[in-house]
Novice: 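Below is a structure I'd like to ask you about.
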Amino acid sequence: MTPREPCFHTSRSCKSPNCLLLQIMFRCPQASGLECLAPLVCSGEETPDPIPTTIKGTIPAWINGSFLRNGPGKFEFGTDRYTHWFDGMAMMHRFHICEGNVTYSSRFLRSDSFIQNSEKNRIVVSEFGTLAMPDPCKNIFARFLSRFQTPKTTDNANVNFVKYKGDYYVSTETNYMRRVDPQSLETKEKVDWSQYIAVNSATAHPHYDREGAVYNMGNSHSRRGFFYNIIRVPPPEEKAAMQDSADLTGAKVICSIPAADPRKPSYFHSFVMSENYIVFVEQPIKIDLLKFMLYKIQGKSFHKVMTWEPQHGIIFHLVNRHTGMASEVKYCTAPMFTLHQINAFEDGGFLIMDMCCGDDGELIGEFTLENLRRNAGEEMDEFYNSLCRNLPRRYVLPLTVDERTPLDQNLITLHNCKATARKTKHGEELHNDELLQFGGLEFPQINYHQYNGRPYRYFYSCGFGHVFGDSLLKMDVHTKELKAWRYPGLYPSEPVFVASPKATEEDDGVVLSVIITPREEKSTFLLVLDAKTFSELGRAEVPVNIPYGTHGVFNEMG
């Protein structure tokens, strides 16, 4: 099959015969009487030395490790205030679990951004939604010239804990990561991806294969255009295991995918990986590169250069992760927005992808601290009801499309699958499965070590009956059965699955989540649920206030 140019469409306008189009619609329920969440986005205080917790119920004695969490934890310096939730300084949390007991500790990441802001007692490094203002001590001319200087790239790695060659790092979406000690949470060296490979960023959501290699996505731009790059970091070498330093040697770009519009590349937060394929989702959240070059001069923050352009559709770029070869077929669907993938696997010549998706990509820019701190009742109701809520969707890609594939016929032959896909010259509107409607659903997790990239049955997530997750959910993707843990006023973090030592079934283990509430001071607790029944086993209460966070991992070596 000869390569074709990517095509964009939201109706029956596509002319590419190599285009596979998929579509889905859903409705979002409305809410009323929502409470204020301001305490969830207030600055926290460090607890650098581990403190004991109060155990209620039972923490299984077989859990031995550390539950590590990351997220924004400081929202002001001096009289300067951050504008967006994503801007807060990274705060790391550790729940160490051993023989049924739990201790808690936390530290702010000592990033360059944190240190410089602290020394000046003001915001001097720009973040996603906050533009650092010129030094007020400079004269007017110097402050004017500072607008034309290249903005500093933040190393405020407040999104996730990631692991490369046995070392833990905290990561965001710039070219910088910070290596950290998973025991003490002490900050180690700053790592610049561009010193290893030709990329300008990397996501905070890498994938890990069973041989110990790590895959990630980054971007780059040059005179040849803008590219989305698939990165592979090899497993650690035995001789390097004792070195106490960052090691990304051997990292390489295995595939570069040119942007459909080099002037307006797509924003991406993560990507899809099955056993044999990586799928990059080129979505209609666009970064205007001209605005990007001018945004500091215009006095705008970075998130203002991102635009939701639903006149463009989705392109799924399929890449063989073993060879780095991209498929000549461009799989297209109606516009949607996705941050997190649930899982992907191959079955009978099809690639099945489950993702959390929404229909309005402007959602990211709406999470300003002003919005999140709205008053209870009408103000908060209005904000929540205006938001698009993400829900899980299943997309199915036929892997055997070639020049002999007939036009205008449904190519999906999987049993009990509503998804359809057609090779067409006219952009037929096609349909995919919707798995669930529960207010909203995000932060999905699975039994990753055993089932990532493979056929699976269960995933765990936060349900979004409020602006932040207000429930924990377990979904059986075979039967569509739903189990939920929910109590009014309690807001759980992303659930993380930990398998029991002798597990023989997919859901044999526990689910960990940090629960916070705006209703009481210092009433945070670590929740432990039986993953099979989704009933509470125990909780570890911590007498501290913890801000609402983003992502975390369980460190079995803790």
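Below, each value reflects all heavy atoms present in this structure, side chains not excepted, and no hydrogens, waters or symmetry copies.
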Novice: What do you reckon, are the aromatic ring centroids of Tyr104 and Phe95 less than 6.0 Å apart?
Specialist: yes

Novice: For Glu45, does the CD atom sit with more than 12 other heavy atoms under 6.0 Å from it, leaving out its own atoms?
Specialist: no

Novice: So does Arg178 pair up with Asp112, basic N to acidic O under 4.0 Å?
Specialist: yes

Novice: Any salt bridge linking Lys188 with Asp167? Criterion: basic side-chain nitrogen under 4.0 Å from a carboxylate oxygen.
Specialist: no

Novice: Nearest 0.5 Å, please: how far is CH2 in Trp85 from CZ in Phe468?
Specialist: 4.5 Å

Novice: Give me the atom names and distance for the closest heavy-atom approach of Leu185 to Ser106.
Specialist: CD1-CA, 3.9 Å

Novice: Can you establish whether the number of heavy atoms outside Arg263 located under 6.0 Å from its atom CZ is more than 12?
Specialist: no

Novice: Measure across Gln183 and Asn555 and return the closest heavy-atom pair with its distance rounded to 0.1 Å.
Specialist: NE2-ND2, 4.3 Å

Novice: Where is the tightest heavy-atom contact between Ile63 and Ile59, given as atom of each residue plus distance?
Specialist: CD1-CG2, 4.4 Å

Novice: Closest heavy-atom contact between Arg210 and Gln450?
Specialist: NH2-O, 3.2 Å

Novice: For Ile231 and Gly218, work out which heavy atoms get closest and say how close.
Specialist: CD1-N, 3.8 Å

Novice: Less than 6.0 angstrom separating the ring centers of Tyr451 and Tyr456, yes or no?
Specialist: no

Novice: Atom NZ of Lys190 and atom OH of Tyr169: how far apart are they, to the nearest 0.5 Å?
Specialist: 14.5 Å

Novice: Salt-bridge test for Arg107 and Asp181: reply yes if a basic N is under 4.0 Å from a carboxylate O, no otherwise.
Specialist: no

Novice: Before accepting this row, confirm whether a basic side-chain N of the pair Arg374/Glu366 lies closer than 4.0 Å to the acidic partner's carboxylate O.
Specialist: no

